[in-house]
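Please read the structure below before turning to the comments.
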Amino acid sequence: MPGFSRILRRTLATVAAEATFPTSPSAAASYLYKERNFNRIVDQFKKSSALDHFRTKNGVYENVVRRLASAGRFDQIHEILDHQKGFRDIKKEGFVARLICLYGKHGMFDYARKLFDEMPQLECDRTVVSLNALLTASVNSKKFNENEALYTELPEKLGIKLDGVSYNVIVKGFCESGDFERALAMLNEMEKMGFSPNVITFNTLLNFLYRKNRPEDGDRVWRMMEEKGVAPDVRSYSSKLVGLTSRKKMKEAVELIDEIKSKGIKPDLFCYNSLIKGYANEGDLDEVKTWHKHIVKNTEYDPDKATFGIIIPLACEKGDADYAYQLCKDIFHLGCLIDPPTLQKAVDELVKQSRMKEAEEVRLLGRNNKYFRYILQVPATE
DNA sequence: GTAGGGTTAG
């Protein structure tokens with residue numbers, strides 16, 4: 001009875017976890033990454049927060065808050081973040097800025113604002129750092145347009161001067177709300193205030209424009225960046241690549257890859273995946289295979305979830321079951337994440353071609369995935 | 001410790 005033994009093992013593991021209450025910050029963190037029960041997570045998170053070093057581990061905070069948010073457990077997000085007020089770090093602005101951002105990432109702007117307003121009572125100084133965190137929270141909560149006062153009136157009211165970071169957040173806000181003209185106007189505004197747009201400012205704009213299919217405006221900003229003597233980095237180029245590949249300008253995209261290299265910049269997985277996506281959109285399985293091989297052989301990167309998510313559906317569509325099957329094995333060999341629907345497509349294609357043994361194998365790989373147990377359907381064999 | 005890419009495990 002495999003089902004029963006699994007339940008038994010899980011129960012024993014839980015008992016063991018409770019018995020060996022993690023007292024070191026990193027043990028506490030790794031417990032929280034693994035724990036699946038939200039009530040236990042919240043409880044354990046609050047206890048762990050008492051450990052000084054635990055509170056420096058932003059990764060666990062991000063992870064736990066994100067998981068709670070995707071389960072809609074916003075009360076519990078507030079519960080664990082509000083609990084942080086009981087520790088001395090709450091007097092440190094950087095720590096509070098982190099909390100403000102955490103609220104903002106999941107649409108909880110009102111909580112972010114409340115915490116910002118409470119900072120004086122918490123004996124925590126407010127500078128441009130926490131103001132920027134609040135601005136970021138309003139952008140991430142998509143409340144940017146409603147919150148113009150955050151960058152117009154609030155700085156003056158508190159005697160805080162905006163800095164370059166602030167302007168980059170404001171530019172992002174206008175991009176997110178689709179207002180390219182105001183985003184551009186903000187470049188002039190920031191220069192007037194003595195802050196030069198940097199590569200982050202330009203990348204924010206380029207990413208928005210090329211992704212939203214506005215290549216002419218993208219190229220305009222690119223020229224502006226060159227005029228200002230700001231050197232593009234790999235992220236600038238990968239935005240430009242998206243602009244080319246989404247318009248199926250594959251020849252230019254490949255040339256751009258060479259240009260990147262000639263500048264001494266290493267194209268990263270984002271670049272290669274966008275190239276592969278372009279070829280996949282054209283249904284060109286041969287080119288997709290070529291670039292997949294290129295990643296494996298000539299770069300330091302491993303194909304990732306995004307790569308497989310593009311290639312497997314195409315391989316299935318083209319009826320190349322061998323390739324799809326090989327890719328599925330690669331996923332588990334690399335221990336990488338994959339969307340269940342993608343994997344299901346591979347199973348379906350194998351079944352369609354009556355390759356039941358391989359279909360079953362992929363199904364089992366899905367079930368034993370180290371990150372997640374996928375329940376994949378494969379018709380029972382007679 | 002606040003700013004830029006595509007996802008993210010209930």
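Every chain is numbered from 1 and lettered A, B, ... according to where its sequence line falls, protein lines coming before strand lines. Note that this is a predicted model, so its numbers are computed, not measured.
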Next item on the list: Just say parallel, tilted or perpendicular for the rings of A:Phe308 and A:His292, cut-offs at 30° and 60°.
Entry: perpendicular
Checklist line | DNA chain B: 5'-proximal contact among A:Thr56 and A:Ser236 (nearest heavy atom) | finding: A:Thr56
Next item on the list: Using heavy atoms to find the nearest nucleotide of DNA chain B for A:Asn198 and A:Asn37 separately, return the residue whose nucleotide is more 5′.
Entry: A:Asn198
Notebook entry, point to check: Can you find a heavy atom in the side chain of A:Tyr237 that is under 4.5 Å from one in the side chain of A:Val234?
Noted result: no
Check: Between B:dA3 atom C1' and A:Leu131 atom CG, what is the distance in whole Å?
Finding: 13 Å
Check: In whole angstroms, how far is the C1' atom of B:dT2 from the CD atom of A:Glu62?
Finding: 12 Å
Checklist line | Nucleotide B:dA3, atom C1' - distance to CG of A:Leu205 in whole Å | finding: 13 Å
Note to self: Can you measure A:Arg73 atom CZ to B:dA9 atom P for me and round it to whole angstrom units?
What the structure shows: 14 Å
Enumerate, atom names and distances included, each donor-acceptor pair closer than 3.5 Å involving a side-chain atom of residues 152-164 of chain A, sequence neighbours excluded.
{"residue": "A:Thr152", "atom": "OG1", "partner": "A:Glu148", "partner atom": "O", "Å": "2.9"}
{"residue": "A:Asp163", "atom": "OD1", "partner": "A:Asn132", "partner atom": "ND2", "Å": "3.1"}
{"residue": "A:Asp163", "atom": "OD1", "partner": "A:Val165", "partner atom": "N", "Å": "3.1"}
{"residue": "A:Asp163", "atom": "OD1", "partner": "A:Ser166", "partner atom": "N", "Å": "2.9"}
{"residue": "A:Asp163", "atom": "OD1", "partner": "A:Ser166", "partner atom": "OG", "Å": "2.9"}

Note to self: Taking donor-acceptor contacts at under 3.5 Å, does the side chain of A:Arg36 reach the base of B:dG10?
What the structure shows: no
Item checked: Short N-O contact, A:Asp320 and A:Lys289, less than 4.0 angstrom -> yes
Notebook entry, point to check: How long is the line joining OH of A:Tyr103 and C1' of B:dT2, in whole Å?
Noted result: 17 Å
Checklist line | Side chain of A:Arg211 (C-beta onward), nearest among B:dG5, B:dG1, B:dT2 | finding: B:dG5
Check: What does A:Phe38 touch in the nucleic acid at a heavy-atom separation under 4.0 angstrom: a base, only the sugar-phosphate, or nothing?
Finding: base
Notebook entry, point to check: Got a donor-acceptor pair under 3.5 Å from the side chain of A:Asp268 to the base of B:dG5?
Noted result: yes
Next item on the list: Give a yes or no on whether A:Lys261 atom NZ has more than 12 heavy-atom contacts from other residues, nucleotides or ligands under 6.0 Å away.
Entry: yes
Check: Rounded to the nearest Å, what distance is computed from the CG atom of residue A:Asp233 to the C1' atom of nucleotide B:dA3?
Finding: 13 Å
Note to self: Without decimals, in angstroms, what is the distance between A:Lys212 NZ and B:dG5 P?
What the structure shows: 12 Å
Check: Which parts of residues 156-168 of chain A get close to DNA chain B, meaning a heavy atom less than 4.0 angstrom away?
Finding: A:Val165, A:Asn168
Note to self: Would you say A:Arg66 places a side-chain N or O within less than 4.0 Å of OP1 or OP2 belonging to B:dA9?
What the structure shows: yes
Next item on the list: Identify whether the distance between the nearest side-chain nitrogen and carboxylate oxygen of A:Arg220 and A:Glu216 falls below 4.0 Å.
Entry: no
Next item on the list: Kindly point out which of B:dA9, B:dT2, B:dG5 is positioned nearest to the side chain of A:Asn207?
Entry: B:dG5
Item checked: Nearest-angstrom distance from the residue atom CG of A:Leu134 to C1' of B:dA3 -> 14 Å
Check: Looking at B:dG10, does its base get a donor-acceptor pair with the side chain of A:Ser70 below 3.5 Å?
Finding: no
Checklist line | Nearest-neighbour nucleotide for the A:Lys305 side chain, B:dG1, B:dT8, B:dT2 considered | finding: B:dT8
Next item on the list: For the side chain of A:Val169, starting at C-beta, report the closest nucleotide among B:dA3, B:dG5, B:dG1.
Entry: B:dA3
Note to self: Check this for me: does any side-chain nitrogen of one of A:Asp52 and A:Arg55 sit under 4.0 Å from a carboxylate oxygen of the other?
What the structure shows: yes
Note to self: Students often get this wrong, so: under 4.0 angstrom with heavy atoms, is A:Asn63 touching a base, only sugar-phosphate, or nothing?
What the structure shows: nothing
Next item on the list: Answer yes or no: is there a side-chain heavy-atom contact under 4.5 Å between A:Asp302 and A:Cys336?
Entry: no
Margin query: By nearest atom, which of the nucleotides B:dG1, B:dA9, B:dT2 is closest to the A:Arg67 side chain?
Written below: B:dA9
